[in-house]
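Residue numbers begin at 1 in each chain, while the letters A, B, ... track the order of the sequences.
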Amino acid sequence: MLVFEAPGSTKSARIVEVEAYLGGRDPASHAYRGLTPRTAPMFGPPGRSYVYFVYGMYHCLNVVTEGDGLAGAVLLRGAEPLAGFDEGEPRALAGPGKLARAFGLTTKHTNLDLVHSALSIRDAPPIPPSRVVRSARIGLNEHATTNKPWRLCVRGSSGVSRP
DNA sequence: CGAATGATCCGA
DNA sequence: CGGATCATTCGA
């Protein structure tokens with residue numbers, strides 16, 4: 001589960017949809033064209049955040065995975081609120097932009113240690129493999145992009161952006 | 001479908 | 001510098 005501790009409140013949500021991106025061999029990855037100031041966290045140690053700004057209005061949160069000179073990250077695309085959300089807020093965080101918005105994440109939250117920071121990822125009760133669906137990744141440029149079935153989501157969850 | 005909306009990156 | 005691009009979302 002994803003946890004964000006802010007002064008006065010702690011929000012948590014169950015992660016139900018993710019996509020994997022690898023640098024180097026994955027043309028869809030931001031790291032594909034090498035290290036830049038924006039993508040630097042993807043080349044850093046694993047267990048940190050990589051938050052980027054897209055389409056002039058949305059932020060997306062990734063978990064850096066590879067480390068040791070390799071670039072890789074997992075995009076968090078959907079979650080179900082667990083605690084800390086009040087009634088005015090959406091009951092499902094279906095889509096990476098919505099998820100980041102719900103937690104108030106901006107590029108200031110990039111490159112944070114997701115084990116020790118206010119923004120953290122913690123264990124949650126396991127999801128039975130029979131409920132995990134694997135598919136192609138969403139929203140990638142159709143042309144020249146080798147899309148891999150690296151999207152995982154929980155079947156039937158309200159936090160999934162697209163069935 | 002297409003607009004909104006701005007950071008980022010590449011090529012010149 | 002200019003402009004193409006973009007791991008999105010919402011509304012017609």
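Remark: A/Arg33 is not in phosphate contact with B/dT8, judged by side-chain N or O atoms under 4.0 Å from OP1 or OP2. For A/Asn141 and C/dC6, the shortest distance from a side-chain N or O to OP1 or OP2 is below 4.0 Å.
Distance CG (A/Leu61) to P (C/dT8): 14 Å, rounded to an integer number of Å. Rounded to a whole Å, the OH atom of A/Tyr50 is 13 Å from the P atom of C/dC6. The nearest whole Å value for the distance from the NZ atom in A/Lys98 to the P atom in C/dA7 is 19 Å. B/dA7 atom P lies 16 Å from atom NE2 of A/His30, rounded to whole Å. One can place CZ of A/Phe53 at 9 Å from P of B/dT8, the figure rounded to the nearest angstrom. Protein atom OH of A/Tyr32 is 16 Å distant from nucleotide atom C1' of C/dA7, rounded to whole Å. As rounded to whole Å, 9 Å separates atom P of C/dT9 from atom CD of A/Glu17. Rounded to whole angstrom, the span from the CZ atom of A/Arg162 across to the P atom of C/dT9 amounts to 13 Å.
Closest contact between the side chain of A/Tyr58 and the listed nucleotides B/dT5, C/dA7, C/dC10 involves C/dC10.
Rounded to a whole angstrom, the distance from the P atom of B/dA3 to that of C/dA4 is 16 Å.
Residues A/Ser157 and A/Glu17 bring no donor and acceptor atom of their side chains to less than 3.5 Å of each other.
Residues A/Ala73 and A/Thr65 approach most closely at N-OG1, 3.5 Å, considering heavy atoms. Closest of all the heavy-atom pairs between A/Ser161 and A/Arg151 is OG-NH2, 3.9 Å. The two residues A/Ala31 and A/Gly23 have their closest heavy-atom pair at CB-CA, 3.8 Å. Closest of all the heavy-atom pairs between A/Ala94 and A/Ser158 is CB-O, 3.9 Å.
The nearest heavy atom of DNA chain B to A/Met57 and to A/Thr107 marks one nucleotide each, and the one closer to the 5' end goes with A/Met57.
Side-chain atoms of A/Tyr52 come within donor-acceptor range of the base of C/dA7, with a qualifying N/O pair under 3.5 Å.
In the region residues 36-48 of chain A, proximity to DNA chain B at under 4.0 angstrom, judged on heavy atoms, holds for A/Thr36, A/Arg38.
Cation-pi geometry between A/Arg25 and A/Tyr32 is not met: the NZ or CZ atom fails to fall both under 6.0 Å from the ring centre and inside 45° of the normal.
Without hydrogens or angle criteria, A/Thr39 side chain to A/Thr36 main chain gives a donor-acceptor distance under 3.5 Å.
In A/Asp86, the CG atom is crowded: over 12 heavy atoms of neighbouring residues, nucleotides or ligands sit closer than 6.0 Å.
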A/Tyr52 vs A/His59, ring pair (Phe, Tyr, Trp, His ring centres under 6.0 Å): CA-CA, chis, key distance, verdict | CA-CA 6 Å; A/Tyr52 65 87; A/His59 295 269; 8.8 Å; no

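Stacking of A/Tyr55 onto the six-membered ring of B/dG6 is not present when judged by under 5.5 angstrom between centres and under 30° between planes.
A/Leu152 belongs to a hydrophobic cluster with A/Leu2, A/Phe4, A/Ile15, A/Val16, A/Val18, A/Val51, A/Leu61, A/Val63, A/Val74, A/Leu76, A/Phe85, A/Leu93, A/Leu99, A/Phe103, A/Leu105, A/Leu112, A/Leu114, A/Leu119, A/Ile121, A/Ile127, A/Val132, A/Val154, A/Val160, counting contacts under 4.5 Å between side-chain heavy atoms of Ile, Leu, Val, Met, Phe, Trp and Tyr, direct or through other members.
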With pairs defined as Watson-Crick or G-U wobble and both distances under 3.5 angstrom, please note down DNA chain C as a dot-bracket string, | for pairing with another strand.
-> ||||||.||||.

